[in-house]
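Computed from heavy atoms alone, side chains included, the values below leave out hydrogens, waters and symmetry copies. Chain identifiers are assigned alphabetically (A, B, ...) following the order of the sequence lines, protein sequences preceding nucleic acid strands; residue numbering begins at 1 within each chain.
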2 protein chains.
Amino acid sequence: MAEKSPQRRATLRDVARDAGVSVATASKALNGRKEVAEDTRQRVREAAEALRFTPNSVARSLLTRRTGTVGLLTGDLEGRFVIPILMGAEDAFGAGRNNVFLCDARGDSIRERYHLNALLERRVDGIIVVGRQTDPRPSLGQDLPVPVVYAYAPSDDPRDLSLTPDNESGGKIATEHLLSLGRMRIAHITGDPQYVAARDRARGFIGAMRAAGLEPCGQPMFAAWTEQWGRDAAAALFEQYPNVDGVVCGSDQIARGVIDTLRDLGRSVPDDVAIVSHDNWEVLATGSRPTLTSVDANLQDLGRLAARKLFDALSGEDVGSGVHRLPVTLVTRGSSVRSRA
Amino acid sequence: MAEKSPQRRATLRDVARDAGVSVATASKALNGRKEVAEDTRQRVREAAEALRFTPNSVARSLLTRRTGTVGLLTGDLEGRFVIPILMGAEDAFGAGRNNVFLCDARGDSIRERYHLNALLERRVDGIIVVGRQTDPRPSLGQDLPVPVVYAYAPSDDPRDLSLTPDNESGGKIATEHLLSLGRMRIAHITGDPQYVAARDRARGFIGAMRAAGLEPCGQPMFAAWTEQWGRDAAAALFEQYPNVDGVVCGSDQIARGVIDTLRDLGRSVPDDVAIVSHDNWEVLATGSRPTLTSVDANLQDLGRLAARKLFDALSGEDVGSGVHRLPVTLVTRGSSVRSRA
DNA sequence: CTGTTAGCGCATTCAT
DNA sequence: ATGAATGCGCTAACAG
């Protein structure tokens, strides 16, 4: 591994000394300020290079009262939805001079409080709170000294700014897609009814059906976000409604299960039954046979936007407030439209 | 969202003033130093509370030359393997007073250099480099002023400390598991031969077969880490060797594909053919029918260990060097042993 | 036990 | 164009 440097790292003073100038001048030279002679600047640069000088941003922060850091407070990293958001945020920051502190509270509110405090002590310029469900979560409060943006899981306080995917619209476009393909006997199999996401999507589904003047085939079937439930639900569904020709699934896992059962039943996807699902989880959607048409929540964009909102806030603008529902997109694949192979 | 605090945040001086003591005393009081009268301490605490004082760790860092931060430099966050490692590291740090800077270089070495520099400017106490493959990656160099640990992807410089899963042993225990079940006609279907991981596992497989005095059914089949390849390879395999009774798969995705084809062929898993795979990717392994027996790389442990090694280095110990191959574990499920349901 | 003094490394006045 | 001085907020050494 890398050697532990035997002596102190070079400071601006060392550079100044070697370049034969004052610290002030050295500072100006390295920071590209105009009021410095070109040759002086060059000398300073060379001295800095020779000493492998790395400016100490800790000292700078102390002075400027800006650390250029942002805290990312998440409930759990396992969460499939946290990562893309995190990537989006990291992406937006990575381009600039900011860095992200990652804090995983492991779903424990005590630990969250603890991490929040740590972030505040570190003088982060702002905080993004990322939840793993779209259910509202407790606000961190209004009296924080830094701006906060909530991503995925909205805050339960409308004074906060929250960004979350528009799941109702997701259920809608999924259903409209099937309708546009001429399917008319459509059912909805989805996950845990405790999740707002499940209920939102179901609402979108029903709304789209009504708007088309059609009745859904049975009530939306709620249970779990698993392949197993997809298999079981599909078996029950096709027993009761053998002529269903389209299924909107609440998740890719459920869709995989549904397709599995349909194969057992000898029904062709998409010819006999077209399937649309949610989440567009790459590994599930593209590994499936046929591949899955799925609604993508564009989480990376959501993360980017969250970061951008924070930037705006840092430059003095108001962050805004309320829950913003961000657009989702349909990704069409083989489970709804037969690919010409 | 949270208000931007109108005025400066309270400083230790404010606290000292309100408590009627000097800054030094206030500092000692809050830091729990012995040389302070209990009632004084109490007064200071109350003043701090009243002012909602949050110590500025930036100032403290400047003085102590320790930031209590660690950089986590990763190639790409999408990577399925990065997250658990990251969780492990965050876990190990989260317990203490440390925080993690997350940097995603997006697979770009320029950006990696850029991030590395940023981390150094921020005076992180150490760095963990996480790659997405077990193939060796370029060292960051020996002349860094902070300790570095490489996780998952080992450094190509033996002077660095690298932690990576023992994939050869993974191939071995997977195979031995099938052998212990009495299977004797075993084949190996795996991923991209460019990956060291694929070759290592294959070596483990062959070694275990030889050790048992058996010949593998055909050469290990290399191609891609996808379900599609699993399906295709299985079809080819069982055409040529219809009596295969066990398959070691290079990944859970491949295993899913293999099982898919076996169902088409009317072969029962695990009765006719037992399957073992690698990665133990929860969503794939438990969603499968039957569920997948899979080799888990214990990546979270790996991340934790990496963090711990860094700690040791920070306390002056030598980090050590060389590539350390960490133990992997077999998780037994329904694809190799019929569950009594 | 408490207060005074002295920086940590840097960017910014304000002189020169 | 350059440099001396100041202080960001805190802790450590020392003196009382």
Side-chain angles (χ1 to χ4, degrees), chain A residues 5 7-45 47-48 51-69 97 118 120-125 145, chain B residues 5 7-45 47-48 51-69 97 118 120-125 145:
Chain A
S5 98
Q7 67 253 14
R8 249 179 44 264
R9 289 150 91 162
T11 126
L12 193 55
R13 224 169 75 175
D14 303 329
V15 175
R17 179 182 16 76
D18 284 18
V21 297
S22 72
V23 242
T25 308
S27 169
K28 288 170 196 153
L30 292 177
N31 291 331
R33 305 279 299 250
K34 287 252 101 179
E35 337 104 277
V36 164
E38 239 345 285
D39 58 333
T40 313
R41 187 189 307 279
Q42 202 46 41
R43 275 213 324 287
V44 174
R45 282 221 180 99
L51 289 167
R52 317 190 75 254
F53 170 72
T54 313
N56 184 333
S57 82
V58 173
R60 179 188 286 125
S61 298
L62 185 57
L63 203 49
T64 61
R65 287 122 171 289
R66 272 297 183 81
T67 54
T69 61
R97 324 207 38 65
L120 259 21
E121 291 193 1
R122 294 206 184 282
R123 294 300 190 261
V124 294
D125 295 333
Chain B
S5 97
Q7 65 253 15
R8 251 178 44 263
R9 289 152 88 163
T11 127
L12 192 56
R13 222 169 78 176
D14 303 328
V15 176
R17 179 183 17 77
D18 284 18
V21 297
S22 74
V23 239
T25 309
S27 170
K28 288 171 199 150
L30 293 178
N31 291 333
R33 307 279 298 253
K34 288 249 102 176
E35 335 105 283
V36 162
E38 238 346 285
D39 57 334
T40 313
R41 188 191 306 280
Q42 202 47 42
R43 275 212 326 287
V44 174
R45 282 221 180 101
L51 288 167
R52 317 189 76 253
F53 169 73
T54 314
N56 185 334
S57 82
V58 174
R60 178 188 287 127
S61 298
L62 185 57
L63 201 51
T64 61
R65 287 118 171 288
R66 272 295 185 83
T67 54
T69 61
R97 324 206 38 65
L120 259 20
E121 292 193 0
R122 294 207 184 282
R123 294 301 189 262
V124 294
D125 295 333

Can you tell if the side chain of [X] reaches within under 4.5 Å of the side chain of [Y], non-hydrogen atoms only?
X	Y	result
B:L30	B:L12	yes
A:R13	A:R17	no
A:T69	A:R122	no
B:V23	B:T11	no

Quick one: [X] [atom1] to [N] [atom2], roughly how many Å, whole number?
X	N	atom1	atom2	answer
A:L62	D:dG9	CG	P	7 Å
B:R43	C:dT2	CZ	C1'	11 Å
A:E38	D:dT2	CD	P	10 Å
A:R65	D:dC10	CZ	P	11 Å
B:K34	D:dA12	NZ	P	17 Å
B:L30	C:dT2	CG	C1'	15 Å
A:Q42	D:dT2	CD	C1'	18 Å

Readout for nucleotides 10-16 of chain C: B = base within 4.0 Å of protein heavy atom, S = sugar-phosphate only, - = neither; 5' to 3' it is BBB----

Going through the distances and angles, do A:R60 and A:N31 end up as a side-chain contact (heavy atoms from CB on, under 4.5 Å)? CA-CA 12 Å; A:R60 179 188 286 125; A:N31 291 331; 4.0 Å; yes

Axis-to-axis angle for the helix from C:dC1-D:dG16 to C:dT16-D:dA1, ends of five pairs each, to 10°, equals 40°

Sugar-phosphate, base or nothing in reach of A:V58, heavy atoms under 4.0 Å: nothing

Taking every heavy atom of B:R97 against every heavy atom of A:E121, the minimum-distance pair comes out as NH2-OE1, 4.1 Å

Give the minimum heavy-atom separation between B:R43 and B:V21, together with the two atoms involved. NH2-CG1, 3.6 Å

Verify, without hydrogens or angle tests, whether A:R45 (side chain) and A:A29 (backbone) share a donor-acceptor contact under 3.5 angstrom. no

Are the side chain of A:R65 and the backbone N or O of A:R123 linked by a donor-acceptor pair below 3.5 Å? no

